[in-house]
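The shown structure was predicted, so the numbers you read here are calculated from the model rather than taken from an experiment. Below, chains carry the letters A, B, ... as their sequence lines are ordered, and counting in each starts from 1.
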Amino acid sequence: MSWTILELLRSNPEALKDVVKKRFIDPAIVDEAYKLDLEWRKMLTYVNELRHKHNVISSEIPRLPPEERKKRIEEAKRLLKEIKLYETKLKEIERRREELLLSLPNIIHESVPIGPDETYNMPIRCWGKAKVYREHLQLFLGETKGKGLEMDYEVIDWRPIGHADMLEKALKLGDTQKAGEVAGSRFYYLFDDLVWLDFALLLYAIDFLTQRGYKLVLPPYMLRHKIISGVIDLETFKDAIYKIEGEDLYLIATAEHSLAALHAYEEIPEEELPLIYVGISPCFRKEAGAGNRDLKGIFRVHQFHKVEQFAFTLPEQSWDVFEMFIRHAEELFKGLGLPYRVVNVASGELGAPAAKKYDLEVWMPAQGRFREMVSCSNDLDWQSYRLRIRFIRRRGMKKGFVHTINSTAIASTRTITAILENFQTPDGVVEVPKILRRYLEIFPKAPKDYIYPNKKSVQKT
RNA sequence: GCCGGGGUCGCCUAGCCUGGUAGGGCGCCGGCCUGCUAAGCCGGUGGGGUGUACCCCCGCGCGGGUUCAAAUCCCGCCCCCGGCGCCA
């Protein structure tokens with residue numbers, strides 16, 4: 001059984017170093033991992049030899065006469081002391097080796113643009129007609145034409161209201177002030193039409209994906225440490241994950257985590273692969289590393305709903321599924337009518353688990369920027385190695401680690417911000433995307449064509 | 001939460017009381033046989049190291065302890081089943 005990264009570390013450490021350099025991480029960790037792995041193997045062999053000696057003596061003992069037996073037991077005891085000593089050393093080396101191996105990032109696909117930050121992201125395609133406020137025109141062209149992307153647009157002369165003000169001041173359908181008071185910043189109350197909109201978006205996504213053969217899953221919202229640390233890197237753990245006090249439980253930051261865990265420690269016959277799931281869950285994120293970014297509104301919050309695509313595949317299937325996932329996400333956003341571009345994320349911005357990542361970014365007319373709505377990653381065997389998720393090939397019963405791919409379908413609050421900015425009219429109402437109406441029309445109180453400002457005060461609703 | 005029963009190499013199961021290093025069945029893989037298939041027969045089927053047709057170590061839910069030796073005895077935890085309690 002071989003894990004891509006360990007295999008590369010042993011057979012070609014220089015190549016692994018290149019990967020690490022491309023991610024702008026200190027390549028010294030590769031040297032250290034290489035040395036420790038070697039040291040571990042040597043020590044393991046030595047300890048195994050000692051254990052063997054002890055096992056030989058042990059198995060002789062029951063057949064010996066009493067006096068002889070006493071002698072051999074003494075000998076075994078002496079040997080045991082020595083074994084304990086070297087086992088302690090081995091354990092320490094093993095612990096450090098494991099820690100280092102698990103801190104190694106995934107390999108990088110050859111098509112990933114090399115660069116330290118998002119300015120190196122490579123736009124690969126776009127869709128829709130962006131509404132560009134006159135003063136944002138240069139920004140828009142810099143992010144499209146300037147990067148070789150030909151995107152349709154119309155210049156507008158009125159300045160759209162930002163999603164945060166739209167929510168709170170124009171529509172009066174959200175209250176982050178009160179939420180901040182009772183829960184903290186980055187929490188929110190949403191009311192009426194925006195709640196309907198949240199649920200309609202989720203229904204739209206699961207309806208779309210289940211029709212394409214995905215298996216629908218409502219997963220656990222909390223996981224044990226062992227599981228969640230198998231799915232994410234240390235950075236994410238520190239910055240995103242909430243812990244339940246006094247228990248070995250952590251709130252998921254996305255359904256990806258519980259979906260990856262769905263087949264933990266299993267062997268999957270090759271004919272069952274690929275397994276393709278759509279999960280729906282709330283997501284809980286600390287946003288510890290975010291500082292003051294997007295502090296207003298509901299773009300970056302501690303809690304939201306998300307529909308997630310997730311797949312387990314054979315190694316040779318993963319790139320096709322990866323492309324399928326981003327295409328399906330695109331179709332969802334086309335359906336909503338939100339203009340977007342897809343970017344190939346630069347090496348320095350890839351998380352440790354991903355070998356390649358696409359972001360789908362919607363044009364936000366009030367902010368004058370493209371903002372991330374969807375993130376689609378191929379993690380190869382980075383997650384499955386940690387969770388020991390394997391496939392078996394019929395031919396020769398060969399085993400290997402499956403590949404895992406994950407992608408957002410729709411994240412509720414973020415998509416709502418995109419709708420608030422893109423579908424507002426100069427007179428301050430918001431048009432409901434037509435494709436969502438079928439999920440709203442069965443509810444008498446849900447909005448149908450437009451979302452209008454709340455006439456009453458928020459408190460009295 | 002309490003009481004009782006249980007967790008064994010993909011699945012089912014023996015072994016546990018009485019400690020001596022995991023046996024059987026199914027499935028699957030490889031081979032033999034065969035006009036083909038089936039049946040039958042032989043071997044393989046947890047993880048790791050290595051000198052890679054060989055040898056060795058570790059492994060019986062997880063983690064400790066006792067012992068020369070633990071699936072087996074002791075302690076803690078997790079999960080499953082049944083009963084009681086509680087509950088949306």
Side-chain angles (χ1 to χ4, degrees), chain A residues 1-11 33-102 218-230 243-250 258 261-273 275 282 312 314 381 384-402:
Chain A
M1 185 98 43
S2 55
W3 179 38
T4 313
I5 295 166
L6 183 57
E7 205 169 78
L8 196 61
L9 176 71
R10 286 179 178 177
S11 67
Y34 184 80
K35 269 202 313 225
L36 265 172
D37 182 51
L38 217 65
E39 198 182 332
W40 172 76
R41 284 146 82 186
K42 263 166 69 187
M43 186 59 87
L44 182 63
T45 304
Y46 183 63
V47 168
N48 279 347
E49 278 165 11
L50 291 178
R51 282 167 172 166
H52 176 59
K53 274 195 213 167
H54 180 258
N55 283 347
V56 169
I57 295 173
S58 248
S59 62
E60 280 171 11
I61 285 171
R63 289 174 313 212
L64 295 173
E67 315 86 62
E68 194 73 19
R69 187 180 283 203
K70 228 172 206 171
K71 254 203 245 161
R72 293 301 261 173
I73 287 177
E74 284 311 310
E75 198 180 328
K77 276 183 177 172
R78 267 201 308 279
L79 197 51
L80 213 56
K81 260 187 200 159
E82 203 184 344
I83 292 173
K84 282 258 160 65
L85 178 73
Y86 284 104
E87 272 180 343
T88 310
K89 287 185 185 177
L90 178 67
K91 246 186 193 164
E92 174 58 19
I93 295 169
E94 199 162 47
R95 193 190 57 76
R96 287 193 294 151
R97 171 185 178 265
E98 193 73 358
E99 199 181 282
L100 260 176
L101 284 185
L102 292 182
L218 195 145
Y221 300 162
M222 301 174 210
L223 297 169
R224 293 188 206 291
H225 179 269
K226 189 179 164 192
I227 299 294
I228 209 157
S229 62
K243 186 184 191 321
I244 303 296
E245 181 71 33
E247 307 204 35
D248 179 27
L249 282 176
Y250 297 80
S258 340
L262 179 57
H263 294 292
Y265 315 110
E266 290 179 13
E267 290 175 358
I268 306 169
E270 64 177 330
E271 65 270 18
E272 284 176 28
L273 295 168
L275 286 165
F312 302 87
L314 292 168
D381 57 358
S384 60
Y385 168 73
R386 286 145 198 260
L387 293 179
R388 292 219 106 67
I389 308 167
R390 296 168 302 170
F391 61 84
I392 304 187
R393 290 198 199 275
R394 283 277 163 250
R395 198 131 194 81
M397 293 288 280
K398 292 267 186 291
K399 288 176 188 171
F401 293 107
V402 302

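For A76(A), counting side-chain heavy atoms from C-beta on, the closest listed nucleotide (rC68(B), rG48(B), rG64(B)) is rC68(B). Closest to the R224(A) side chain, of the nucleotides rG47(B), rU21(B), rC79(B), is rC79(B). Out of rC68(B), rC79(B), rG64(B), the shortest distance to the side chain of I61(A) is found at rC68(B). When distances run from any side-chain atom of K399(A) to the nucleotides rG47(B), rC68(B), rG20(B), the shortest one goes to rG47(B). Here the side chain of N55(A) is nearest to one of rC68(B), rG47(B), rC57(B), namely rC57(B).
Using atom P as the reference point in both rA71(B) and rG7(B), the two lie 15 Å apart (nearest Å). Between the P atoms of rC74(B) and rC17(B), the separation comes to 9 Å (whole Å). Taking atom P in both rC29(B) and rC79(B), the straight-line distance is 36 Å, to the nearest Å. Here the separation of rG51(B) from rA39(B), taken at their C1' atoms, is 43 Å to the nearest Å. For the P atom pair drawn from rG82(B) and rC77(B), the interatomic distance equals 23 Å after rounding to whole Å. Nucleotides rG24(B) and rC32(B) have their C1' atoms positioned 24 Å apart, rounded to a whole Å. Look at the C1' atom in both rC33(B) and rC81(B): the space between them is 47 Å, to the nearest Å. Remark: the separation of the P atoms in rC56(B) and rG61(B) is 25 Å, to the nearest Å.
With hydrogens and angles ignored, the 3.5 Å screen pairs a side-chain donor or acceptor of R69(A) with a backbone N or O of P62(A). No donor-acceptor pair under 3.5 Å is formed between the side chain of D37(A) and the backbone N or O of R10(A). Between the side chain of S258(A) and the backbone N or O of P220(A), at least one donor-acceptor pair lies under 3.5 Å.
Atom CE of M43(A) sits in a crowded spot, with more than 12 heavy atoms from other residues, nucleotides or ligands closer than 6.0 Å.
Atom-to-atom, CZ of R69(A) to C1' of rA69(B) comes out at 11 Å; the value is rounded to the nearest Å. Rounded to whole Å, the distance from CD on E271(A) to P on rG27(B) is 16 Å. Rounded to an integer number of Å, the gap from F401(A) CZ to rG46(B) C1' is 13 Å. One can place NZ of K84(A) at 12 Å from P of rG64(B), the figure rounded to the nearest angstrom. L79(A) places its CG atom 13 Å from the C1' atom of rA69(B), with the value rounded to the nearest Å. Atom NE2 in H54(A) sits roughly 15 Å away from atom P in rU21(B) (whole-Å rounding). Note: CD (E94(A)) to C1' (rC58(B)) measures 10 Å, nearest angstrom. Between the CD1 atom of I57(A) and the C1' atom of rA69(B) there is a distance of 12 Å, rounded to whole Å.
In this structure the side chain of R41(A) never reaches within 4.5 angstrom of the side chain of L44(A), judged on heavy atoms. Inter-residue side-chain proximity for L101(A) and L9(A) is flagged as met; some heavy-atom pair is nearer than 4.5 Å.
At the phosphate of rC56(B), neither OP1 nor OP2 sits under 4.0 Å from any side-chain N or O atom of H52(A). For the pair K398(A) and rU45(B), the criterion of a side-chain N or O lying under 4.0 Å from OP1 or OP2 is not met.
Counting only residues at least two apart or in different chains, ring pair (Phe, Tyr, Trp, His ring centres under 6.0 Å) contacts with residues 58-93 of chain A comprise Y46(A)-Y86(A). The salt bridge (Lys or Arg N to Asp or Glu O under 4.0 Å) contacts involving residues 43-57 of chain A comprise R51(A)-E87(A), where partners must be two or more places apart or lie in separate chains.
With salt bridges taken as basic N to acidic carboxylate O contacts below 4.0 Å, one links E99(A) and R95(A). With salt bridges taken as basic N to acidic carboxylate O contacts below 4.0 Å, none links R97(A) and E94(A).
Nearest-nucleotide positions on RNA chain B for I73(A) and S59(A) put S59(A) closer to the 5' end. The residue among E267(A) and V47(A) whose nearest nucleotide of RNA chain B is located toward the 5' end is E267(A).
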Pairs: protein N or O with nucleotides 29-32 of chain B N or O, under 3.5 Å:
from	atom 1	to	atom 2	distance (Å)
rC29(B)	O3'	G396(A)	N	3.4
rG30(B)	OP1	R395(A)	NH1	3.0

What protein N or O atoms touch nucleotides 49-53 of chain B N or O atoms at under 3.5 angstrom, if any, and at what distances?
from	atom 1	to	atom 2	distance (Å)
rG49(B)	OP1	R10(A)	NH1	2.8
rG49(B)	OP1	R10(A)	NH2	3.2
rG49(B)	O2'	T45(A)	OG1	3.0
rU50(B)	OP1	R41(A)	NE	2.7
rU50(B)	OP1	R41(A)	NH2	3.1

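Annotation for L387(A) and G230(A): closest pair CD2-CA, 4.2 Å, computed over non-hydrogen atoms.
In this structure, I392(A) reaches neither bases nor backbone, as no heavy-atom distance under 4.0 Å exists between it and the strands shown.
E74(A) CD to L79(A) CG: the interatomic distance, rounded to the nearest 0.5 Å, is 12.5 Å. If you take CZ on R386(A) and CH2 on W3(A), they are separated by 5.5 Å, rounding to the nearest 0.5 Å.
Residues that satisfy the side-chain contact (heavy atoms from CB on, under 4.5 Å) test with R393(A), not counting sequence neighbours, are E270(A), L314(A), P315(A), E316(A), F391(A), K398(A).
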Structure string for RNA chain B in dot-bracket form, Watson-Crick and G-U at under 3.5 Å, | interchain: ((((((((.[[[[.)....(..]]]]((((((.......))))))((((.....))))..[[[[[..)....]]]]])))))))....
